[in-house]
There are 2 protein chains.
Amino acid sequence: MLNGRTPSVKDVAAAAGVSLGTVSNVMNRPEVVSARTRERVERAMSELGFVRNESARQLRAGTSRTLAYVMLDGTNPFFHDVAQGIELAAEDADLSLFICNSNSRATREEVHLDRLLQQRVQGILITPVDPAAPHLDELTRRGVPMVIVDRVRNADSCCSVSVDDVLGGRIGVEHLAELGHERVAFVGGPDSLGQVRERLQGAREVWESLGHDPDNLIYLPTEALTVAEGRSAGERLAGLPARRRPTAAFCANDLLALGLLQQSIGAGLRVPDDLAIVGFDDIEFAAAAAVPLTSVRQPRQELGRAAAQLVLDEATNPNHNHQQLQFQPELVARASTVRRARSL
Amino acid sequence: MLNGRTPSVKDVAAAAGVSLGTVSNVMNRPEVVSARTRERVERAMSELGFVRNESARQLRAGTSRTLAYVMLDGTNPFFHDVAQGIELAAEDADLSLFICNSNSRATREEVHLDRLLQQRVQGILITPVDPAAPHLDELTRRGVPMVIVDRVRNADSCCSVSVDDVLGGRIGVEHLAELGHERVAFVGGPDSLGQVRERLQGAREVWESLGHDPDNLIYLPTEALTVAEGRSAGERLAGLPARRRPTAAFCANDLLALGLLQQSIGAGLRVPDDLAIVGFDDIEFAAAAAVPLTSVRQPRQELGRAAAQLVLDEATNPNHNHQQLQFQPELVARASTVRRARSL
DNA sequence: TTGTAAGCGTTATCAC
DNA sequence: GTGATAACGCTTACAA
């Protein structure tokens, strides 16, 4: 195998007794080369174990075959589902995918973006720590196709894909109201997160529109959207005087809901009898909880898939227009709110 | 900004009024260039928004700055924790990381490996669908540094990082035996998975060594290591005649345990009073379950980190020797086996 | 249909 | 300390 060196087109050409350009043609425009030569070249390739050098290809062609997704929080399965959707779309387009994780840290996000810029990726999908961060503008200024995933950014500066969080908030609380709950907690935070604010807004809107007293929608703020914060919210909830204690909780995401569920059951509450719980996202583990969790479902994979398609359009279509895609969330009712769980 | 084109070293050189080689020196051996010129060059770089083209660098340098991890199952958080460990190590070494997901499909694994070969990644970490697959030999034959993660391969053909699964099996069942359980179920499968076999083996060894009747260690095979299969095992378990019904179950991973927990609680069993449950892996969601799950902990991030270090050694150290690293699992006791849960 | 040659952006080797 | 120059492996005009 050529004394260690990995074979190049030149080696293939020599082995097949053709010129280097012909080998390239076999790879890139096979229709232009005669069946016989093509066959010879292909045999030489497999005999030598030729593998095209993507860096060289990219350098010359000026275009990379790689997409990237910078996810916000690797400990939340939600983002992996989004990533999975992106990967499927990338696969369809015969593209590779870099997956990075900013872990909610702006500095790590910047490091990743910088690296991706160096790699000259074709497009970047990102769930940013802060949608208003200036280093995102930097990308657009550089002309790198970018799509914001599960967040929105000041309109038409770039594409984004998200779900209607206000609607999601409405759906969740409406469900609880329909079940007859008169005092409901909204668990979520920090309210620097636009999504939390919007879900809360939707929750309040529908609560009041149904004629309930605003004071009976109790806001339990959390410091993050994590299981631990869900537990802590549960403790605060248990500490409320009985007269003010909600009979149901709507959580801004499933991790919170899972934590709340755990704390509540540990404290001897029955779910949903003593406390009904609704989550948000509908991650796999929501359905797998001891008491399967009712949740406002986001089309996670679809989000990713759509984002990938948008970024590809921006990368390849000269007439591309930025668009703000918005999906509709939907309720998935399970045992954490309704006594007779539907079968899984 | 140079009429659209992204600036190259040449442009920077022109702007700074130096030669192209000097610019390169500023980036790669700054000590060799005078403070004044360096400053001039650096200003030119930032004014032009220069970003080094990694493809060109890689082509010329002959070495890429990228690692890759091909994970087995994106729906299992275990692998994401491993990936996280790898990413941290990669970050330390200033390397990028490709994360791919074979989804337990050999064909997808091959597609990914092929792409990674084209990218000339510096090393590949992989949890293979089948550790004996010939396309893995192919990689070693090509001289691509490779480390098997959480599996083992026929000894010294390559490095691997794993945990002692036999010991893990022993630990889990020993814990249950110590708690006084006399009939224990082992839930896991398919037994084509070496890990399942080894965990079962460890379980049997310790069970018998403690003087228990082998018949009282009941093997409940599953078709996969998933939540759904855990539920199904729970149903089978409930169907056993009371005299033969185990009072505890040891599951080959946490997803199974979570499924079993859900099914059991849904059926009105109390955990751990009626059924104690032990999982394996200690994923985050084990601790977050309604009844926090006792689990045999694998050092997930450490696994990834160590694997990355091995692959880097293979890539850079000419005296590299393949090694089979094995970590020790440890028990994390929680409420699913012991009545008074320790605080989290 | 095939071959030749220029050039992508970088790094490294050599003179100066 | 700095500046030409060749080379990395590939694609793509263009010439034969």
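Since the model is a prediction, treat every value here as computed from it, not as a measurement. The analysis underlying the following values was restricted to heavy atoms, covering all of them including side chains, and did not include hydrogens, waters or symmetry mates. Chain letters run A, B, ... following the sequence lines, proteins first, then strands; residues in each count from 1.
The base of dT11(C) sits within donor-acceptor range of the side chain of R60(B), with an N or O pair under 3.5 Å.
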Quiz: residues 29-36 of chain A side-chain donor-acceptor pairs under 3.5 angstrom, not counting sequence neighbours:
unit_1 : atom_1 : unit_2 : atom_2 : d
R29(A) : NH1    : N25(A) : OD1    : 3.2
S34(A) : OG     : T37(A) : N      : 3.3
S34(A) : OG     : T37(A) : OG1    : 2.4

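The 5' end of DNA chain C is approached more closely, in terms of each residue's nearest nucleotide, by S55(B) than by the other of N25(B) and S55(B). Where R29(A) and G17(B) meet DNA chain D, the nucleotide closest to each residue was compared, and G17(B) sits on the side nearer the 5' end.
When DNA chain D is scanned in the 5' to 3' direction for atoms under 4.0 Å from non-hydrogen atoms of chain A, the outermost contacting nucleotides are dG9(D) to dT12(D).
Residue contacts shown for T37(A) are limited to sugar-phosphate atoms, with no base heavy atom under 4.0 Å away. Contact annotation for S24(B): base contact, defined as any heavy-atom pair under 4.0 Å involving a base atom. Across all strands shown, G62(B) has no heavy atoms under 4.0 Å from either base or sugar-phosphate atoms.
One finds a side-chain N or O of S34(A) lying less than 4.0 angstrom from the OP1 or OP2 phosphate oxygen of dT2(C).
Listed by chain and residue number, R57(B) satisfy the salt bridge (Lys or Arg N to Asp or Glu O under 4.0 Å) test with E54(B) (two or more places apart in sequence, or in another chain).
Here D130(B) does not pair with R151(B) in a salt bridge; the nearest charged N to carboxylate O distance is not below 4.0 Å.
Side chain to side chain, Q195(A) and D150(A) meet the donor-acceptor criterion of an N or O pair below 3.5 Å. Under the 3.5 Å distance criterion, with hydrogens and angles disregarded, a donor-acceptor pair is assigned to the side chains of D313(A) and H320(A).
Rounding to whole angstrom units, CZ of residue F50(B) and P of dG9(C) are separated by 10 Å. In this structure, L59(A) places its CG atom 9 Å from C1' of dG7(C), rounding to the nearest Å.
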